[in-house]
A.B. asks: 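What follows is a single structure, and I will ask about it in a moment.
All values below come from the heavy atoms of this structure, side chains included, with hydrogens, waters and symmetry mates left out.
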Amino acid sequence: ECGSDYGYDGLARFMVGGKTGFISGNGSVIIDAQYDYADRFVDGLAVVAIEGRWGVTDRRTEPAVPLQYDGVLRFQDGFAAVEREGLCGFVDRRGREVVPLRFKSVRSSHNGFAAVQFPDDRWGYIDKRGEIVWFDETGRVTMLGDFHEQYARVRVRMDNERQAWGYLTRAYRWRLEPVY
């Protein structure tokens, strides 16, 4: 079995025997088929997994992030979200944990901020240093989206247990009240 898909950073994924590797545009094997999972290369790095351990590799198969996590999201804003033993945080491009694994759930960093879910199920946003910049004190937020341009989509539990979507501004004020 052999197949290939679209390429990024000049490399395309290919599979042989259920394992994924990478080839160049001329078909030369750059990274042998060794990964159980491999995401596309973006900015010289790709999320990979072997036997349930996740990390990030570069084009030389040097681990930018060692295969020691239960999950990894691709780099955004210079950080990758990582998970181990049910806790999430962020690593930098050298694999250093720059935001400790203390969250129940995280979303990728966008425009300098990341949505995070605290162990008590409340949501908030942190900056690149891991400092909390906004926290849902009401406990009604059930999902925070990423900031795109000036707004982030937010899902809120209403009084009757119905959930509705709205939009927050960068000043953490409602631009569109959650009614939809």
A.B. asks: Please check if the distance between the ring centroids of Tyr37 and Trp54 is under 6.0 Å.
C.D. replies: yes
A.B. asks: Check side-chain contact (heavy atoms from CB on, under 4.5 Å) between Leu67 and all other residues, then give those that pass, not counting sequence neighbours.
C.D. replies: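 By the side-chain contact (heavy atoms from CB on, under 4.5 Å) rule, Leu67 matches Val48, Ile50, Arg53.
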A.B. asks: Can you confirm whether Arg162 is buried at CZ, in the sense that more than 12 heavy atoms of other residues, nucleotides or ligands lie under 6.0 Å from that atom?
C.D. replies: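 Atom CZ in Arg162 is packed in, count exceeds 12.
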A.B. asks: Nearest 0.5 Å, what's the CZ-CG distance between Arg59 and Leu11?
C.D. replies: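 One finds 4.0 Å between CZ of Arg59 and CG of Leu11.
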A.B. asks: Would the Phe22 and Phe14 ring centres measure less than 6.0 Å apart?
C.D. replies: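 Here the rings of Phe14 and Phe22 have centres that are no less than 6.0 Å from each other.
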A.B. asks: If you count heavy atoms of other groups shown closer than 6.0 angstrom to CD of Glu131, is the number above 12?
C.D. replies: yes
A.B. asks: Take atom CZ of Arg102 as the centre, draw a 6.0 Å sphere, and report whether it contains more than 12 heavy atoms from other residues, nucleotides or ligands.
C.D. replies: yes
A.B. asks: Tell me whether the rings of Tyr172 and Phe147 are parallel (<30°), tilted (30 to 60°) or perpendicular (>60°).
C.D. replies: perpendicular
A.B. asks: Dump the intermediate steps for salt bridge (charged side-chain N to carboxylate O under 4.0 Å, His left out) on Asp39 and Arg74, then the final yes or no.
C.D. replies: CA-CA 8 Å; Asp39 195 7; Arg74 76 173 63 120; 2.8 Å; yes
A.B. asks: Using a side-chain heavy atom cutoff under 4.5 Å and only I, L, V, M, F, W and Y, what cluster partners does Val98 have?
C.D. replies: Phe79, Phe90, Val99, Phe103, Val106, Val116, Phe118, Ile126, Ile132, Phe135
A.B. asks: Are Trp174 and Val154 side-chain neighbours, meaning at least one heavy-atom pair lies under 4.5 Å?
C.D. replies: yes
A.B. asks: Could you pull out all residues at least two apart from Arg129 that satisfy salt bridge (charged side-chain N to carboxylate O under 4.0 Å, His left out)?
C.D. replies: Asp127
A.B. asks: What do the steps show when you test Leu45 against Arg93 for side-chain contact (heavy atoms from CB on, under 4.5 Å), and what is the final call?
C.D. replies: CA-CA 9 Å; Leu45 299 173; Arg93 291 179 65 90; 3.4 Å; yes
A.B. asks: Going by the rule salt bridge (charged side-chain N to carboxylate O under 4.0 Å, His left out), which residues pair with Arg84 if we only count those two or more places apart in sequence or in a different chain?
C.D. replies: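 Partners of Arg84 under the salt bridge (charged side-chain N to carboxylate O under 4.0 Å, His left out) test: Glu97.
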A.B. asks: Applying side-chain contact (heavy atoms from CB on, under 4.5 Å), run through Gln34 and Lys19 and close with a yes or a no.
C.D. replies: CA-CA 5 Å; Gln34 59 185 306; Lys19 300 289 185 182; 5.8 Å; no
A.B. asks: For Thr142, enumerate each residue passing the side-chain contact (heavy atoms from CB on, under 4.5 Å) test, keeping only those at least two apart in sequence or located in another chain.
C.D. replies: Arg155, Arg157, Gln163
A.B. asks: Hey, is CD on Glu85 packed in by over 12 heavy atoms from elsewhere, all under 6.0 Å?
C.D. replies: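 Check fails, neighbour count at 12 or below.
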A.B. asks: Any chance you could measure Asp77, atom CG, to Asn111, atom CG, to the nearest 0.5 Å?
C.D. replies: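 Here the interatomic distance stands at 6.0 Å.
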A.B. asks: Taking side chain as C-beta onward, heavy atoms only, is Trp134 less than 4.5 Å from Leu144?
C.D. replies: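 Trp134 reaches Leu144 side chain to side chain.
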A.B. asks: Transitively linked via ILVMFWY side-chain contacts under 4.5 Å: Met143 with Met158?
C.D. replies: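 Linked, Met143 and Met158 end up in one cluster.
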A.B. asks: Listed by chain and number, what are the ring pair (Phe, Tyr, Trp, His ring centres under 6.0 Å) partners of Tyr35, not counting sequence neighbours?
C.D. replies: none
A.B. asks: So Tyr69 and Leu101, side-chain contact (heavy atoms from CB on, under 4.5 Å) or not? Walk me through it.
C.D. replies: CA-CA 11 Å; Tyr69 295 99; Leu101 282 70; 4.2 Å; yes
A.B. asks: What distance do Ser109 atom OG and Gln76 atom CD have between them, rounded to the nearest 0.5 Å?
C.D. replies: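 The OG atom of Ser109 sits 8.0 Å away from the CD atom of Gln76.
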A.B. asks: Could you state the interatomic distance from CZ (Arg153) to CG (Leu168), rounded to the nearest 0.5 Å?
C.D. replies: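 With rounding to 0.5 Å, CZ (Arg153) is 12.5 Å from CG (Leu168).
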A.B. asks: Could you walk me through whether Arg60 and Asp58 satisfy the salt bridge (charged side-chain N to carboxylate O under 4.0 Å, His left out) test, starting with their C-alpha distance in whole Å, then the side-chain angles of each, then the deciding distance to 0.1 Å, before giving a yes or no?
C.D. replies: CA-CA 5 Å; Arg60 300 167 311 207; Asp58 67 14; 2.6 Å; yes
